[in-house]
Amino acid sequence: MKQVFKELIGIFIGCLLFVIGVNFYIIPNMLSEGGIIGISVITHYLFNWPLGVTNLIFNLILILAGFKLFKKKTMYYTLFSVFSSSLLLYLTENTRPLTDDVLLSAVFAGLFVGGGLGLIFRFGGTNGGTTVLARGLNQYLGLSVGNAMLLIDIIIVLSSVFIIGVDKGMYTVISVYIGAKLIDYFVDRMDERAAIFIMSNHADEIANDVLYKMAHGITILDGHGGYSKNEKKILYLVCRKKDILKTKELIKKIDVNAYVTVHQVQEVIRKGYKASMTVQ
């Protein structure tokens, strides 16, 4: 229950950042945005319809159409995200702009919207609408969530040029690009992992320290030297990139002559666990 509460708080903070990007930077400077919020922004410019209401209606339509794509928990989190962001959009309408500089607004809109959506994805939800389609493209076509959203968003932004003009459209593309890169960072890069191979005459001692001092799993493989033909134990583990230095220091304390190779991992999958990474 504590974990669910933590995830819902994370999603709500993501919604808040998303709304700041829209109502404090995009709307006051008549920029646009990708996704369903982009369509809602355009209808707001054309008919002065409230953003919170149109965002809720449009998103619910797409969620109902794509609910089979996701597990029950993800769908519940998505509904929480859509209702939260729509309510916050409604409550913060007609706020004063934080800057009149269009370029600054485009940059900060991208940072807030991308950071907000990244947090929502990070904690297991989506923001509905085209993020449902993006998760579907990620799940079935292998596109990263950020790139899938970027493709969908650019199509919507290009359509909005007829309302906001070419100049504002180009500023919006900058905003959407920044947002997509931030989403990729939150969804993929924060979970990057590395595979470490270790060949040492003290393999058992290293394996024991990894298991009990780092509380990390490790696999022991049997091997032998290509030239010497001597039998050797080879250690293999996959860890977060932030743990690489700690692992190397642990190895060095035991065996300064250990042969260690580190490889970037593209993806780790096992029952009950999946973490996606992107190869540089």
Side-chain angles (χ1 to χ4, degrees), residues 10-45 51-52 54-56 58-59 62 77-78 80-93 95 97-99 101-123 125-135 138 144-160 164 168-190:
I11 290 172
F12 186 81
I13 293 172
C15 291
L16 183 60
L17 293 176
F18 171 79
V19 168
I20 290 172
V22 174
N23 273 347
F24 288 83
Y25 291 102
I26 291 173
I27 297 298
N29 291 279
M30 205 171 175
L31 297 173
S32 187
E33 182 54 57
I36 289 299
I37 190 62
I39 298 172
S40 299
V41 166
I42 295 303
T43 60
H44 175 75
Y45 292 152
L51 271 178
T54 54
N55 183 68
L56 179 62
F58 292 153
N59 274 306
L62 264 180
Y77 280 11
T78 297
F80 173 77
S81 167
V82 168
F83 277 103
S84 297
S85 59
S86 297
L87 178 62
L88 290 170
L89 281 168
Y90 184 78
L91 293 175
T92 57
E93 273 194 89
T95 51
L98 296 178
T99 178
D101 188 298
V102 182
L103 180 57
L104 278 177
S105 294
V107 171
F108 278 90
L111 291 173
F112 277 102
V113 171
L117 290 176
L119 273 179
I120 292 168
F121 281 131
R122 181 74 182 171
F123 286 101
T126 76
N127 201 39
T130 52
T131 57
V132 173
L133 299 179
R135 289 296 284 263
N138 170 254
S144 74
V145 174
N147 285 337
M149 286 191 68
L150 181 61
L151 176 63
I152 297 167
D153 289 348
I154 285 177
I155 293 171
I156 294 173
V157 169
L158 290 176
S159 303
S160 72
I164 63 176
K168 295 289 181 72
M170 288 191 288
Y171 281 121
T172 298
V173 170
I174 294 172
S175 174
V176 170
Y177 180 81
I178 292 171
K181 293 305 168 186
L182 259 182
I183 290 168
D184 268 349
Y185 172 77
F186 276 98
V187 175
D188 293 332
R189 304 302 171 88
M190 286 182 71

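Here the structure is a predicted model, which is why all the values come from computation and not from measurement. When reading the values below, keep in mind they use all heavy atoms of this one structure, side chains included, and skip hydrogens, waters and symmetry mates.
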Enquirer: If you measure from SG on Cys15 to CZ on Phe83, what distance do you get to the nearest 0.5 Å?
Expert: 12.0 Å

Enquirer: Compare every heavy atom of Asn29 with every heavy atom of Lys168, then report the nearest pair and how far apart it is.
Expert: NZ-O, 3.0 Å

Enquirer: Search all heavy atoms of Asn55 against all heavy atoms of Ser85 and return the closest pair with its distance.
Expert: ND2-OG, 3.8 Å

Enquirer: Would Ile39 and Ile36 count as a side chain to side chain contact (heavy atoms under 4.5 Å, CB included) here? Give the steps.
Expert: CA-CA 5 Å; Ile39 298 172; Ile36 289 299; 4.0 Å; yes

Enquirer: Atom NZ of Lys181 and atom CG of Leu111: how far apart are they, to the nearest 0.5 Å?
Expert: 14.5 Å

Enquirer: Short question: side chain of Thr172, backbone of Ser32 - any donor-acceptor pair under 3.5 Å?
Expert: yes

Enquirer: Is the side chain of Ser175 donor-acceptor paired with the backbone N or O of Tyr171 at a distance under 3.5 Å, no angle test?
Expert: no

Enquirer: Can you tell me how far apart CG (Leu98) and OH (Tyr25) are? Round to the nearest 0.5 Å.
Expert: 4.5 Å

Enquirer: Measure across Gly34 and Val157 and return the closest heavy-atom pair with its distance rounded to 0.1 Å.
Expert: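 Of all heavy-atom pairs spanning Gly34 and Val157, the closest is N-CG2, 4.1 Å.
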
Enquirer: Nearest heavy-atom pair of Ser40 and Phe58: which atoms, and what distance?
Expert: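 Closest pair (atom of Ser40, atom of Phe58, distance): OG-CD1, 3.6 Å.
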
Enquirer: May I ask you to decide if the ring planes of Phe80 and Phe12 are parallel, tilted or perpendicular, using 30° and 60° as cut-offs?
Expert: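 The arrangement is tilted - the two ring planes meet at 30° to 60°.
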
Enquirer: To the nearest 0.5 Å, how far apart are CG in Leu119 and CD1 in Ile13?
Expert: 7.0 Å

Enquirer: Rounded to the nearest 0.5 Å, what's the gap from CZ on Phe121 to CZ on Phe186? Could you check?
Expert: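 That separation rounds to 12.5 Å.
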
Enquirer: Within a 6.0 Å radius of atom CZ on Phe108, are there more than 12 heavy atoms belonging to other residues, nucleotides or ligands?
Expert: no

Enquirer: Looking only at non-hydrogen atoms, find the nearest pair between Glu33 and Ile156 and report the distance.
Expert: O-CG2, 4.0 Å

Enquirer: So do Leu117 and Leu182 actually touch side chain to side chain, heavy atoms under 4.5 Å?
Expert: no

Enquirer: Going from CG on Asn59 to OG1 on Thr54, what distance comes out if it is rounded to the nearest 0.5 angstrom?
Expert: 9.0 Å

Enquirer: Donor-acceptor pair, Tyr45 side chain versus Leu31 backbone, under 3.5 Å?
Expert: yes

Enquirer: Could you list all the side-chain hydrogen bond (donor to acceptor under 3.5 Å, both in side chains) pairs where at least one residue sits in residues 11-24, not counting sequence neighbours?
Expert: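 As it turns out, the side-chain hydrogen bond (donor to acceptor under 3.5 Å, both in side chains) pairs with a partner in residues 11-24, which skip direct neighbours, are Asn23-Thr92.
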
Enquirer: Please name the pair of heavy atoms, one in Ile26 and one in Ala109, separated by the smallest distance, quoted to 0.1 Å.
Expert: CG1-CB, 3.7 Å

